[in-house]
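Atom set for the values below is all heavy atoms of this structure, side chains included, hydrogens, waters and symmetry mates excluded. Here is how names work: the chains are called A, B, and so on, in the same order as the sequence lines, proteins then strands, and each is numbered from 1.
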Protein chains: 2
Amino acid sequence: MTHTTGARSGRWLTPYELATWRAFIETAEQLRNVLGARLREDSGLSEGDYAVLLALSEAEGRRLRSSALAAHIDWERSRLSHHLGRMERRGLIAREECEDDNRGAEVVATAEGMSAFRRATVPHLRAVRELFLDALTPEQLDAVAEITAVLRDRLPPRP
Amino acid sequence: MTHTTGARSGRWLTPYELATWRAFIETAEQLRNVLGARLREDSGLSEGDYAVLLALSEAEGRRLRSSALAAHIDWERSRLSHHLGRMERRGLIAREECEDDNRGAEVVATAEGMSAFRRATVPHLRAVRELFLDALTPEQLDAVAEITAVLRDRLPPRP
DNA sequence: GCGATATGATTGACGTGTCAATCAGCGAAG
DNA sequence: CTTCGCTGATTGACACGTCAATCATATCGC
């Protein structure tokens, strides 16, 4: 079934349009879920944990200001705060006071956190290759890049 | 930047591959979030509420067995149970006992639930058109359909 | 210096999702 | 008929996310 099957830019959605929309959203979500489950099995980390530890692992001294970390991974500050609380309880990161600004907090990856992150990396990237990259031809990968770019352009800017 | 820029099917991910992967996942999630926020503004419903009410609205007598509903929208049973509890509290659905099987429960959309659903439908479909369909050429829409199909084929089957 | 305001970060309340455990009713084996 | 297992559905514990409120510290205007 292709776009030649029905009228397209009218006011209402054709079954094909609706199905394609749903397929897009649901496939992305299922991929996320499968990757997340594998990550958890391999390393005990969630996707959020992985994102935080990745950012910290790339930072000077494995540490970042909380606000810089939030900006880097594009999370809301309160989301990060809650998540860091959970990660701290599990010993993956630690919070330290900031020297030059007493309001600020610095987040540091612990040895345990870095260890879990290293354990996660290779299987995680392998899973991305297997479930996503290997499924697509080079042309399809380019199409994904192009399509996500035009979709992003339409998205309202985020505060 | 295209696939001609670097080696592609080696063991590790190129920056292009990684960026395209991330763009795919993040764009889909941002789209979901924006659509969900609009839905909430327009009708006070969440995406979950919408999915449940859509299924009920298409069912005989606006009612379904709980298990049939779960299968229809592809949700885990416990997820549905929790969600129905919240929807029931808000008066969007009601649960009734099933006549032929005393274990079973039937879920019915209330008048209030159907009203909210009708209020949601048009703006929701319009948002899908604006943010997704109108952003893509017919060829790009076909590409999405094709790409999601091949990705789904790789996904492990769900229990 | 001091008061108003802005900024960094946390908190509480609540909706959402998963997993494992539970419970009640149904139905077949004996 | 009763016991055992299967099925429909719910529950509790907990992870995750958002929103609005809060709190402490910095900083600006005077």
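Separating the CG atom of Leu80(A) from the C1' atom of dT11(C) is a distance of 14 Å, rounded to the nearest angstrom. Rounded to an integer number of Å, the gap from Asn33(A) CG to dC16(D) P is 13 Å. Rounded to a whole Å, the CG atom of Asp100(B) is 17 Å from the P atom of dT7(D). The separation between Ile73(A) atom CD1 and dC16(D) atom P is 13 Å, rounded to whole Å. As rounded to whole Å, 15 Å separates atom P of dA21(D) from atom CD of Glu76(A). Atom pair Glu88(A):CD and dA9(C):P shows a separation of 14 Å (rounding to whole Å applied). Rounded to whole Å, atom C1' of dA9(C) lies 15 Å from atom CG of Leu64(A). Atom CG in Leu69(A) sits about 11 Å away from atom P in dT10(C), given to the nearest Å.
An OP1 or OP2 oxygen of dA9(C) is reached within less than 4.0 angstrom by a side-chain nitrogen or oxygen of Arg65(A). An OP1 or OP2 oxygen of dA26(D) is reached within less than 4.0 angstrom by a side-chain nitrogen or oxygen of Asn102(A). In this structure, Arg86(A) reaches the dC16(D) phosphate: one of its side-chain N or O atoms is under 4.0 Å from OP1 or OP2. For Arg77(A), no side-chain nitrogen or oxygen approaches OP1 or OP2 of dT18(D) to under 4.0 Å. For Ser67(B) and dA9(D), the shortest distance from a side-chain N or O to OP1 or OP2 is below 4.0 Å. Here Arg95(A) reaches the OP1 or OP2 of dT10(C): one of its side-chain N or O atoms lies under 4.0 Å away.
For Arg79(A) against dT18(D), no side-chain N or O and base N or O form a donor-acceptor pair under 3.5 Å. Looking at Ser78(B), its side chain comes within 3.5 Å of the base of dC19(C) through a donor and an acceptor atom.
The side chain of Arg103(B) sits closest to dT7(D) out of dT7(D), dA6(C), dG15(C). Side chain of Ser81(B), nearest nucleotide from dT11(D), dT16(C), dC19(C): dT11(D).
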Next on the checklist: Evaluate Arg90(A) against Asp49(A) for salt bridge (charged side-chain N to carboxylate O under 4.0 Å, His left out), listing each step before the verdict.
Outcome noted: CA-CA 11 Å; Arg90(A) 292 191 288 147; Asp49(A) 301 334; 2.5 Å; yes

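Looking at Arg103(A) and Glu97(A), no side-chain N of the basic residue comes within less than 4.0 Å of a carboxylate O on the acidic one, giving no salt bridge. The pair Glu17(B)-Arg129(A) meets the salt-bridge criterion, since a charged nitrogen lies less than 4.0 angstrom from a carboxylate oxygen.
Of the two residues near DNA chain C, Gly48(B) and Glu106(A), the one whose nearest nucleotide lies more 5' is Glu106(A). When each of Trp75(A) and His82(B) is assigned the nucleotide of DNA chain D bearing its nearest heavy atom, the one mapping closer to the 5' terminus is His82(B). When each of Asp101(A) and Glu29(A) is assigned the nucleotide of DNA chain C bearing its nearest heavy atom, the one mapping closer to the 5' terminus is Asp101(A). Two residues, Arg90(A) and Leu84(B), neighbour DNA chain D, and the one matched to the more 5' nucleotide by heavy-atom proximity is Leu84(B).
Side-chain contact between Ser67(A) and Arg77(A) is present, with at least one heavy-atom pair separated by less than 4.5 Å. Here the side chains of Glu29(B) and Glu29(A) are not in contact, with every heavy-atom distance at 4.5 Å or above.
Taking both residues in full, the closest heavy atoms of Ser57(B) and Met114(B) are given as CB-CE, 3.5 Å, listed atom of the first, atom of the second, then distance.
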